[in-house]
Engineer: 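This is the structure, below, for whatever I ask next.
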Amino acid sequence: MTLTLPSTAPTSVAQLMERAQQLAGLTLGELAQLAQLETPEDLRRHKGFSGQLLELWLGASAGSKPEQDFPELGVELKTLPIDEAGRPMETTYVCYAHLTGIAGLTWENSNVRNKLHQVCWVPIEANRQIPPAERRVASAFLWTPTPEQEAALRADWEEIMELIALGQVESITARHGQVMQLRPKAADGNALTDAIGRDGQFIQTRPRGFYLKKTFTRGLLEEAFA
DNA sequence: AAATGATCATGG
DNA sequence: CCATGATCATTT
């Protein structure tokens with residue numbers, strides 16, 4: 001059978017995962033060609049290529065929205081670059097971190113929890129030695145945090161958000177958090193945004209985002225393929 | 001070698 | 001600038 005681009009969003013989680021599973025074993029080059037797209041020689045200036053290609057193949061709504069990729073299904077799509085041993089090569093970006101107006105924000109209504117409540121992970125071979133076009137999509141899997149995983153995510157989120165609320169954002173480094181960290185997330189070092197300063201006043205600082213640490217996503221791969 | 005901090009492209 | 005898609009590249 002011929003693989004064709006979906007014209008509509010999946011209507012069920014099962015259909016989404018079925019679509020994802022059909023992509024396993026194919027290369028990014030093959031998927032790009034079938035979608036009439038060019039595969040970049042390297043991802044240096046095309047960092048979002050893999051993710052956007054998979055969005056297309058799974059029927060995710062295009063564009064940038066602070067919501068899930070499949071809002072009707074409550075599912076977020078994440079590609080996960082893996083090495084030859086099947087381990088994550090990079091941390092995983094979760095979402096932008098608001099640095100002001102966070103009073104009353106709780107884990108339950110946070111963007112992080114919303115995004116990670118249900119994720120369709122699509123591992124992709126990503127060894128730097130393999131040209132993007134030859135990288136293969138691996139077996140996708142659906143994940144919902146276990147109570148233990150959610151507790152760990154929540155603890156990190158609460159620790160980091162409290163520091164932000166207390167005006168300590170500039171003292172937060174990627175070393176904070178056991179499974180999730182806060183790191184710069186911007187076009188360049190000149191980007192600045194409002195944050196709360198040490199004395200409660202507004203300050204300008206580099207925009208930040210939440211990222212899942214590799215040890216965490218490595219665990220997800222292990223439990224999915226154990 | 002691994003991890004942290006920095007950066008690239010795109011659309012609204 | 002915010003937010004999406006992430007990976008790059010310098011520092012440890």
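In this text, all values refer to a predicted model and were calculated from it rather than measured experimentally. So you know, we letter chains A, B, ... as the sequences are listed, proteins then strands, and number each from 1.
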Engineer: Look at all strands and tell whether Pro66(A) reaches a base, only sugar-phosphate, or nothing, counting heavy atoms closer than 4.0 Å.
Structural biologist: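 Sugar-phosphate contact only - Pro66(A) comes under 4.0 Å of backbone atoms but never of a base.
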Engineer: Which part of the nucleic acid does Gly51(A) contact within heavy-atom distance under 4.0 Å: base, sugar-phosphate only, or nothing?
Structural biologist: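 Gly51(A): backbone/sugar contact only, no base atoms under 4.0 Å.
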Engineer: Has the side chain of Glu148(A) got a donor or acceptor atom that lies under 3.5 Å from a matching backbone atom of Thr146(A)?
Structural biologist: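 No, Glu148(A) side chain to Thr146(A) backbone: no donor-acceptor pair under 3.5 Å.
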Engineer: Counting only side-chain heavy atoms from C-beta out, which of dA3(C), dA9(C), dA6(C) sits nearest to Arg128(A)?
Structural biologist: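 Closest of the options to the side chain of Arg128(A): dA9(C).
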Engineer: CG/Leu153(A) to CD/Glu158(A) distance, rounded to the nearest 0.5 angstrom?
Structural biologist: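 The CG atom of Leu153(A) sits 11.0 Å away from the CD atom of Glu158(A).
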Engineer: Tell me whether the side-chain N or O atoms of Lys47(A) pair up with the base of dT7(B) as donor and acceptor below 3.5 Å, since no angle test is needed here.
Structural biologist: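 When only heavy-atom distances are counted, Lys47(A) does reach the base of dT7(B) through a donor-acceptor pair under 3.5 Å.
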Engineer: Looking only at the side chain of Ser64(A) (C-beta and beyond, no hydrogens), which of the listed nucleotides dT4(C), dT4(B), dT7(C) gets closest?
Structural biologist: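 Among the listed nucleotides, the one closest to the side chain of Ser64(A) is dT4(C).
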Engineer: Would you mind reading off the distance between Gln181(A) atom CD and dA3(B) atom C1', rounded to a whole angstrom?
Structural biologist: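 Taking CD of Gln181(A) and C1' of dA3(B), I get 8 Å after rounding.
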Engineer: Pick base, sugar-phosphate or nothing for Glu76(A), based on heavy-atom distances below 4.0 Å to the nucleic acid.
Structural biologist: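 Result for Glu76(A) = sugar-phosphate.
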Engineer: What is the nucleic acid contact for Lys65(A), judged by heavy atoms within less than 4.0 Å: base, sugar-phosphate only, or nothing?
Structural biologist: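 The answer is sugar-phosphate, as Lys65(A) gets under 4.0 Å only of primed atoms, P, OP1 or OP2.
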Engineer: Does Lys214(A) place a side-chain N or O at less than 4.0 Å from the phosphate oxygens OP1/OP2 of dA3(B)?
Structural biologist: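 Yes, Lys214(A) has a side-chain N/O under 4.0 Å of OP1/OP2 on dA3(B).
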Engineer: Atom CG of Asn127(A) to atom P of dC8(C): distance rounded to whole Å?
Structural biologist: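 After rounding, the gap between these two atoms is 11 Å.
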Engineer: On the nucleotide dG5(C), are OP1 or OP2 found under 4.0 Å from the side-chain N or O atoms that Tyr93(A) carries?
Structural biologist: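 No, no such contact exists.
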Engineer: Looking at every strand, decide which applies to Thr91(A) at a 4.0 Å heavy-atom threshold: base, sugar-phosphate, or nothing.
Structural biologist: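 Counting heavy atoms under 4.0 Å across all strands, the contact made by Thr91(A) includes a base.
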Engineer: Could you give the CD-to-C1' distance, from Glu90(A) to dT10(C), as a whole number of Å?
Structural biologist: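 Rounded to the whole Å, the gap is 13 Å.
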Engineer: Can you check whether Arg136(A)'s main-chain N or O pairs, donor with acceptor, with Glu125(A)'s side chain at less than 3.5 Å?
Structural biologist: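 Side chain of Glu125(A) to backbone of Arg136(A): a pair is present.
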Engineer: Is there a donor and acceptor pair, one atom on the side chain of Lys115(A) and one on the base of dT4(C), closer than 3.5 Å?
Structural biologist: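 Not at all, since no donor on one side and acceptor on the other fall under 3.5 Å apart.
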Engineer: So which nucleotide from dG5(C), dA3(C), dG5(B) ends up closest to the side chain of Asp69(A)?
Structural biologist: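 Side chain of Asp69(A) sits closest to dG5(C).
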Engineer: How would you label the contact of Arg44(A) with the nucleic acid (heavy atoms, under 4.0 Å): base, sugar-phosphate, or nothing?
Structural biologist: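 Sugar-phosphate: the residue Arg44(A), judged by heavy atoms under 4.0 Å, touches backbone atoms but no base.
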Engineer: Using a cut-off of strictly less than 4.0 Å, decide whether Gln52(A) has a side-chain nitrogen or oxygen near OP1 or OP2 of dA6(C).
Structural biologist: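 No, no such contact exists.
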Engineer: Hey, does Thr173(A) reach any base, or is it just sugar-phosphate, or nothing, if we go heavy atoms under 4.0 Å?
Structural biologist: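 Counting heavy atoms under 4.0 Å across all strands, the contact made by Thr173(A) is with sugar-phosphate only.
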Engineer: Using OP1 and OP2 only, check whether a side-chain N or O of Thr193(A) sits under 4.0 Å from dC2(C).
Structural biologist: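 So the side chain of Thr193(A) is within the cut-off, an N or O lying under 4.0 Å from OP1 or OP2 of dC2(C).
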Engineer: Report which part of the nucleic acid Leu192(A) touches: base, sugar-phosphate, or nothing (heavy-atom distance under 4.0 Å, all strands).
Structural biologist: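 Leu192(A): backbone/sugar contact only, no base atoms under 4.0 Å.
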Engineer: Starting at CD of Gln33(A), measure out to CG of Leu26(A) and round the result to the nearest 0.5 Å.
Structural biologist: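 If we round to the nearest 0.5 Å, Gln33(A):CD and Leu26(A):CG are 12.0 Å apart.
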Engineer: According to the interplanar angle, ranging from 0 to 90°, do the rings of Trp143(A) and Trp121(A) count as parallel (below 30°), tilted (30 to 60°) or perpendicular (above 60°)?
Structural biologist: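 Aromatic pair Trp143(A)/Trp121(A) classed tilted.
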Engineer: Is the backbone N or O of Cys120(A) less than 3.5 Å from a side-chain atom of Lys78(A), with the two atoms forming a donor-acceptor pair by type?
Structural biologist: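 Absent.
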Engineer: What is the distance, rounded to the nearest whole Å, between atom NZ of Lys213(A) and atom P of dA3(B)?
Structural biologist: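 That distance rounds to 8 Å.
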Engineer: Please confirm whether any donor atom in the side chain of Tyr211(A) sits under 3.5 Å from an acceptor in the base of dA3(B), or the reverse.
Structural biologist: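 Flag unset: no donor-acceptor pair detected.
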Engineer: Of the listed nucleotides (dA6(B), dG5(C), dG5(B)), which one gets closest to any side-chain atom of Arg206(A)?
Structural biologist: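 The listed nucleotide nearest to Arg206(A)'s side chain is dA6(B).
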Engineer: What's His176(A) touching, base or sugar-phosphate or nothing? Going by heavy atoms closer than 4.0 Å.
Structural biologist: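 Nothing: the residue His176(A), judged by heavy atoms under 4.0 Å, touches no strand.
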Engineer: About how many Å separate CZ of Arg19(A) and CG of Leu5(A), when rounded to the nearest 0.5 Å?
Structural biologist: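 Nearest 0.5 Å value for the CG-CZ distance: 10.0 Å.
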Engineer: In whole Å, what is the span from the OH atom of Tyr96(A) to the P atom of dC1(C)?
Structural biologist: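 Result: 9 Å.
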Engineer: Could you state the CD-C1' distance from Glu41(A) to dA9(B), rounded to the nearest angstrom?
Structural biologist: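 Rounded to the whole Å, the gap is 17 Å.
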Engineer: Tell me: CD1 of Ile124(A) to C1' of dA6(C), nearest whole Å?
Structural biologist: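 Taking atom C1' of dA6(C) as the reference, CD1 of Ile124(A) is at 11 Å.
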Engineer: Identify whether any heavy atom of Ala186(A) sits under 4.0 Å from a base atom; if not, whether one sits that close to sugar-phosphate; answer base, sugar-phosphate or nothing.
Structural biologist: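 Counting heavy atoms under 4.0 Å across all strands, the contact made by Ala186(A) includes a base.
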Engineer: Judged by each residue's nearest nucleotide on DNA chain C, which is more toward the 5′ side, Ser50(A) or Ala97(A)?
Structural biologist: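 Closest to the 5' end, via its nearest nucleotide, is Ala97(A).
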Engineer: Starting from P on dT10(B), measure out to CG on Leu37(A) and report it in whole angstrom.
Structural biologist: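 So the two atoms are 13 Å apart, to the nearest Å.
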Engineer: Among the nucleotides dG5(B), dC2(C), dA6(C), which one has an atom lying closest to any side-chain atom of Arg175(A)?
Structural biologist: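 Selected nucleotide (nearest to the side chain): dG5(B).
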Engineer: Under 4.0 Å from OP1 or OP2 of dT4(C): is there any side-chain N or O of Lys185(A) that close?
Structural biologist: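 The answer is no; no side-chain N or O of Lys185(A) sits under 4.0 Å from OP1 or OP2.
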